[in-house]
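Beneath this line is the structure, given in structure tokens, with notes to follow.
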Amino acid sequence: MISIEEMANFCKRRGFIYPNSEIYGSISGFFDYGPLGVELKNNIKKEWWKYHVHSREDVVGIDSSIITHPKVWEASGHLNFFQDIMVECENCHERYRADQLIEQKTKERADVPSIKKIVSLMKKYKIKCTNCGKDTLSNPMPFNLMFQSFVGAKEDKGSVVWLRPETAQSIFVNFNLVQENARLKLPFGIAQIGKAFRNEISPRHFLFRLREFEQMEIEYFVHPEKRNDCPYIDDISHEEISIYSAEMQENNSKPKKMTMKEALNKKIIKNQWHAYWLIMEYKWFISLGANNNNFRIRQHLKDELSHYSSDTWDLEYNFPFGWKELLGVADRGDFDLKQHMKYSKKDLSLFDEESKKKILPHVIAEPSLGVDRAFLVFMYDAYYYDKERKNVVLKLCPKLAPVQVAIFPLLSNREGLINKSKEVFDLLKEDFNCFYDVSGSIGRRYYRQDEIGTLYGITIDFETLKNHDVTIRERNTQKQIRVKIKNLKDIIDKLLNNKIAFEKAGKLI
Ligand code: GAP
């Protein structure tokens, strides 16, 4: 696996990701998606929406504004509790996230919201400033991660607003409207994809910890008396994954591979919905070409839980900088709806036809994934250096690849070839994401496309002008077939959807 710095360089060189405002020296924690990056990112979001919303009867989506009424963040607890613990060097004034300083020196996990524990770990390991090397770090202090702004012409206390640190809250505040409009019956989910902002003390690892990022979240609501009653559990109980429960971590034992059935029977995972959503998320990654060996699920330790959660499991990925959270599935109970009822004085409960009583649904599972972290995972699992080709081959799956088909006239100075190539481009551009390239040798053009993950290269040569056929080259195997232009659209479609083997799709050459 290449390092995160090498991945950042590759992404910049190939037009996937740029450091934000680089001509001014860039700004830490902010990145821009380039021409290929935006295509890959849009494909990830499209596939997420298709899997989580369009292909389910129990989930609908919303798209809410980034800035909300400031009371939302009072009610949600983010104003009081959404904080990291910071230390400042009293000599050089460098600021650090305390847990990261501890982890750097000791490899001990310290992302706990307890100042007392941080103080004891800092003493135990004699943590010093890594910038000036002096033993002059301040006492740890809480630092709220929300970005502040002002609405309107006056900048005073009354006009303060916050950029949302999670998309989830707009789902809770719109809960009643969405449930009524979409006539949803429990259990059901409300999904959203959108930007979130966190003033991270030390953003790091390229796209992993950003200050501006995007989330894909579902709040999944269940009847409060049916919290452990997942009707889909049989569909996933045979699925196997490496599990690292809180107990295993406390006992210093290793993660263990087991089926969901075993994990539920042994009460390692206590709630069926958690098992269900963790596996659904894992399967989504695998269905899009991610490597199953790089995933595991890990339960949060008690002192690691967010202020709203009673139990959280993360889907973790083995990044080059260690196993880290890719996605979280939290049990938020009725914390959020209750808080919004209290602060807004509006009734957010539902009428339960069965018991003829009002009930407040519980969010038993909140699958919450960062788009940018998913982007990193797909890049890592696709990145492959081919020693023979002396070239990177980005083995992205067809649904994610930024470009599906590249079209090349054999020579750039022959009008007949150029015109025919444009004809082929026009034929395919409506149905596929195509790229037209005339510059450099054919070999060079193939390799450039391999590096950005393009599935198929189509070459228009002198034979094409006589026989009305073209060569299609496949990215992973470099095999080539000859196909009639009139069949091209149908064949590319079948190839991309795995409906025909490449060797059988035309005459192998
Ligand atoms: N609504 C729940 C929530 O926001 P979280 O664990 O704080 O939970 C969910 O965030 C996901 O959002 C994470 O698993 C991660 O994929 C992504 N995420 C969180 N902070 C991030 C950051 N600073 N940069 C990039 N992605 C981030």
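Numbering starts at 1 and runs along the sequence shown. Both ligands and their constituent atoms are indexed starting at 1 by order of listing.
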Determine whether the side chain, the backbone, both or neither of Glu217 has a heavy atom under 4.0 Å from any heavy atom of ligand 1. side chain
Test of ring centre spacing under 6.0 Å for Tyr380 and Tyr317: no
With distance as the sole criterion, is a donor-acceptor pair present between the side chains of Ser287 and Tyr51 under 3.5 Å? no
Does even one non-hydrogen atom of Phe375 get within less than 4.0 Å of ligand 1? no
Please confirm whether Leu327 approaches ligand 1 to less than 4.0 Å, judged on its heavy atoms. yes
Just checking Phe378 against Trp284, ring centres under 6.0 Å apart? yes
Tell me whether the guanidinium CZ or amine NZ of Arg332 lies under 6.0 angstrom from the six-membered ring centre of Tyr308 and within 45° of its axis. yes
If we only count N/O pairs under 3.5 Å, is Gly370 in contact with ligand 1? yes
Does an N or O from Leu326, backbone or side chain, lie closer than 3.5 Å to an N or O of ligand 1? yes
Whether Lys41 engages the ring of Tyr33 as a cation-pi pair (distance to the six-membered ring centre under 6.0 angstrom, angle to the ring normal within 45°) should be assessed. yes
Taking N or O atoms only and a 3.5 Å limit, does Arg209 qualify as a polar contact for ligand 1? no
Is there at least one pair of N or O atoms, one from Ala168 and one from ligand 1, spaced under 3.5 Å apart? no
Could you tell me if any non-hydrogen atom of Met216 lies under 4.0 Å from any atom of ligand 1? no
Would you kindly specify which portion of Gln169 sits under 4.0 Å from ligand 1, judged on non-hydrogen atoms: side chain, backbone, both or neither? neither
At under 4.0 Å between heavy atoms, what of Glu325 touches ligand 1? The answer is side chain
Glu200 N/O under 3.5 Å from ligand 1 N/O: yes
Can you tell me how the ring of His205 sits relative to the ring of Phe321, calling it parallel under 30°, perpendicular over 60° and tilted otherwise? parallel
Do Phe31 and Tyr18 have ring centroids that are under 6.0 Å from one another? no
